[in-house]
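Each chain gets a letter, A, B and so on, in the order its sequence line appears, and its residues count up from 1.
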Amino acid sequence: MATDRQGFEIRVAAAAENVPLVRHALRAYLETVPMPEDRVAEVVLAVTEACANVVVHAYPDADGDLQVAADLDGDVVEVRVRDNGRGITPRVDSPGLGVGLPVMAAIADSIELGKANGSGTEVRMTFAVRDTASHPGSDSATLST
Amino acid sequence: MATDRQGFEIRVAAAAENVPLVRHALRAYLETVPMPEDRVAEVVLAVTEACANVVVHAYPDADGDLQVAADLDGDVVEVRVRDNGRGITPRVDSPGLGVGLPVMAAIADSIELGKANGSGTEVRMTFAVRDTASHPGSDSATLST
Amino acid sequence: MTDVNGVDRTTAGIDVVELVGENDLSTSAQVERQIGEAISAGRGVVVDMTEATFIDSAVLRVLLSGQDRAATVGVGFAIALGTTTGHAVRRLLELTGLSERLVIATGRTEAVAKAAEANPASR
Amino acid sequence: MTDVNGVDRTTAGIDVVELVGENDLSTSAQVERQIGEAISAGRGVVVDMTEATFIDSAVLRVLLSGQDRAATVGVGFAIALGTTTGHAVRRLLELTGLSERLVIATGRTEAVAKAAEANPASR
Ligand SMILES: Nc1ncnc2c1ncn2[C@@H]1O[C@H](COP(=O)(O)OP(=O)(O)O)[C@@H](O)[C@H]1O
Ligand SMILES: Nc1ncnc2c1ncn2[C@@H]1O[C@H](COP(=O)(O)OP(=O)(O)O)[C@@H](O)[C@H]1O
């Protein structure tokens with residue numbers, strides 16, 4: 001059984017080609033906590049969307065870091081995605097599909113967006129380790145084809 | 001000087017024509033807390049965007065309520081916008097401009113999106129009463145770097 | 001609450017759609033219609049927000065799509081701001097970067113002149 | 001890590017763009033190019049995601065714009081899912097309502113048949 005407050009931390013340059021690395025490292029971490037496999041896939045999707053936003057939006061004219069940290073606290077995994085960029089800035093001309101934040105909000109049990117120390121953005125998401133009633137439908141991804 | 005934990009609460013049908021009512025009631029409440037006038041205008045904008053999302057997205061096929069509550073806790077106003085709708089659901093065909101959530105995140109010191117009890121969405125935003133902490137350093141995010 | 005918005009027709013082939021007081025998703029359809037009617041009739045548009053105290057992103061969407069439609073049709077389009085324009089209006093334009101994307105003038109007269117420049121009816 | 005995606009040309013005038021393993025914003029431009037080349041050449045497209053374990057919204061955007069472009073040009077477009085398609089792929093399609101907006105088939109053969117129905121080259 002996993003001990004509380006096991007931690008995970010990674011810091012890479014905010015570049016698209018690093019997002020798979022972050023994802024794989026996070027997935028490896030999540031495999032050490034008692035979370036159903038399908039739920040791990042969803043958490044990894046939500047965190048990928050947050051990382052993609054750092055790559056696409058945080059540093060319009062410069063290089064910068066992408067940091068991801070995760071902790072298991074009791075039955076809840078908290079993941080924090082952080083940058084030192086320009087802070088959340090609405091864009092009417094975003095190159096994205098515009099579903100990143102709502103996808104994160106739909107998957108996570110809660111999501112908090114805050115200003116990181118100094119500058120930049122911190123996205124904090126929580127996910128119950130066991131797939132309880134807090135997100136109905138998340139385990140019934142029945143796409144009939 | 002305002003006492004802590006002064007409260008504000010309003011509940012209306014989730015309809016576009018009620019959003020101005022909520023806005024005016026909230027503005028009247030905010031005028032009782034020591035917040036600069038321009039900052040009140042921004043808070044009211046962020047809350048309007050959250051209310052608009054309830055009207056546009058929360059109840060696709062039904063009627064429902066829009067609830068807004070606010071509290072002053074020390075130097076921080078917390079506003080909660082709540083519905084009992086379908087929960088945050090990403091849409092690629094949203095009729096909106098897609099800047100609602102980022103506008104809220106840019107204006108608020110922090111924003112949390114969570115599932116309301118049972119069903120629906122709760123958007124919780126905090127705003128420092130005095131404009132000091134509204135930018136850098138407002139958050140004691142603890143990602144050891 | 002929200003004062004009544006109106007439309008003035010100028011001699012320069014420009015309709016002035018005036019946003020008075022607060023406008024949001026509850027009035028944005030009306031604003032969209034007023035802008036659309038002017039453009040459909042081949043007239044340019046000024047959206048006068050000198051007396052606008054508040055707009056939300058639903059109104060912003062209407063402004064953007066109005067400007068895009070005017071450009072497609074080939075008529076002028078400009079926004080008028082002024083000293084009595086509300087802080088929420090300026091803040092929203094600024095936050096979203098639209099203060100750079102929209103054609104914005106100080107006061108109605110300057111806005112009408114800017115819109116008329118792009119307007120075939122006035123050339 | 002991400003396996004290499006490939007493109008197969010079928011006899012039915014359909015190119016099959018195969019997404020293998022994980023795809024996200026780091027590979028979405030490549031996928032977009034592959035889809036775009038097929039459509040530009042007047043061929044229909046099947047995006048075979050039967051072996052796709054993961055996609056993000058950057059890939060979703062490419063799928064949607066591919067389908068839109070195919071419809072504009074008048075060639076077929078379909079997605080193939082299968083039992084080995086990853087949970088994250090199905091969940092993202094479902095969450096965003098795209099499982100209803102995209103033409104989705106079970107397996108490559110059925111997807112090619114669906115795309116060929118809409119494809120002038122195969123009629
Ligand atoms: N880390 C970030 N730094 C700066 N801006 C951000 C960040 N994350 C999100 N944003 C802003 O929030 C908006 C909404 O993000 P999202 O829902 O993921 O849609 P998309 O990225 O497709 O536009 C973005 O367009 C961007 O303006
Ligand atoms: N209260 C809510 N209930 C359900 N879905 C919501 C709610 N608020 C936001 N959403 C979802 O989040 C998305 C992003 O919201 P927003 O950034 O305000 O953009 P827009 O409303 O213009 O699409 C919406 O398109 C919608 O799918």
Side-chain angles (χ1 to χ4, degrees), chain A residues 7-11 45-46 49 53 57 65 67-71 78-84 86-94 96-126 128 133-138, chain B residues 42 45-46 49-50 53 56-58 76 78 80 85-128 132-145:
Chain A
F8 163 83
E9 244 185 275
I10 188 168
R11 179 205 295 235
L45 171 59
E49 294 293 336
N53 276 350
H57 301 296
D65 282 350
Q67 288 174 265
V68 178
D71 281 295
E78 181 182 276
V79 182
R80 297 176 298 284
V81 177
R82 196 166 166 190
D83 64 66
N84 302 300
R86 64 170 174 176
I88 294 220
T89 313
R91 297 176 59 176
V92 296
D93 61 347
S94 171
L97 192 55
V99 298
L101 290 177
V103 162
M104 295 177 229
I107 291 175
D109 296 326
S110 75
I111 173 169
E112 187 177 341
L113 309 173
K115 281 137 187 129
N117 278 341
S119 74
T121 301
E122 183 178 73
V123 177
R124 195 182 321 203
M125 292 180 273
T126 61
S134 62
H135 31 264
S138 70
Chain B
E42 295 173 7
L45 172 58
E49 293 293 338
N53 276 349
V56 176
H57 301 296
V76 173
E78 181 181 279
R80 296 176 299 285
R86 63 169 175 177
I88 294 220
T89 314
R91 295 175 59 177
V92 297
D93 60 348
S94 172
L97 193 55
V99 298
L101 290 177
V103 162
M104 296 176 228
I107 291 175
D109 297 327
S110 75
I111 173 171
E112 187 177 341
L113 309 173
K115 281 140 187 123
N117 279 342
S119 74
T121 302
E122 184 179 68
V123 177
R124 195 182 324 204
M125 292 181 274
T126 61
F127 308 91
T132 52
S134 71
H135 280 311
S138 65
D139 219 319
S140 57
T142 48
L143 195 82
S144 46
T145 58

Apply side chain to side chain contact (heavy atoms under 4.5 Å, CB included) to Ile88(B) and His57(B), showing your working.
CA-CA 8 Å; Ile88(B) 294 220; His57(B) 301 296; over 6 Å; no
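- Between Phe8(A) and Val79(A) the shortest side-chain heavy-atom distance does not fall below 4.5 Å.
- Between chain A and the options Glu112(B), Arg91(B), Met125(B), Met104(B), the largest number of non-hydrogen pairs under 4.5 Å is found for Glu112(B).
- The contact between Leu97(B) and chain A is made entirely by side chain atoms (from C-beta outward), counting heavy-atom distances below 4.5 Å.
- Between the side chain of Ser119(B) and the backbone N or O of Arg86(B) there is no donor-acceptor pair closer than 3.5 Å.
- For the pair Glu49(A)/Asn53(A), no side-chain contact is recorded, criterion being any heavy-atom separation below 4.5 Å from C-beta on.
- Interface summary for chain A: among Gly98(B), Gly87(B), Ser94(B), Ala105(B), the most heavy-atom pairs under 4.5 angstrom belong to Ala105(B).
- If you tally non-hydrogen atom pairs under 4.5 Å between each of Pro102(A), Ser110(A), Gly120(A), Gly100(A) and chain B, the highest count goes to Pro102(A).
- Salt bridge annotation for Arg80(A)-Asp71(A): present, with a cationic side-chain nitrogen under 4.0 angstrom from a carboxylate oxygen.
- Of the two parts of Ile111(A), the backbone and the side chain both hold a non-hydrogen atom closer than 4.5 Å to a non-hydrogen atom of chain B.
- Interface remark: of the candidates Thr126(A), Thr89(A), Thr121(A), Val92(A), Val92(A) forms the most heavy-atom pairs closer than 4.5 Å to chain B.
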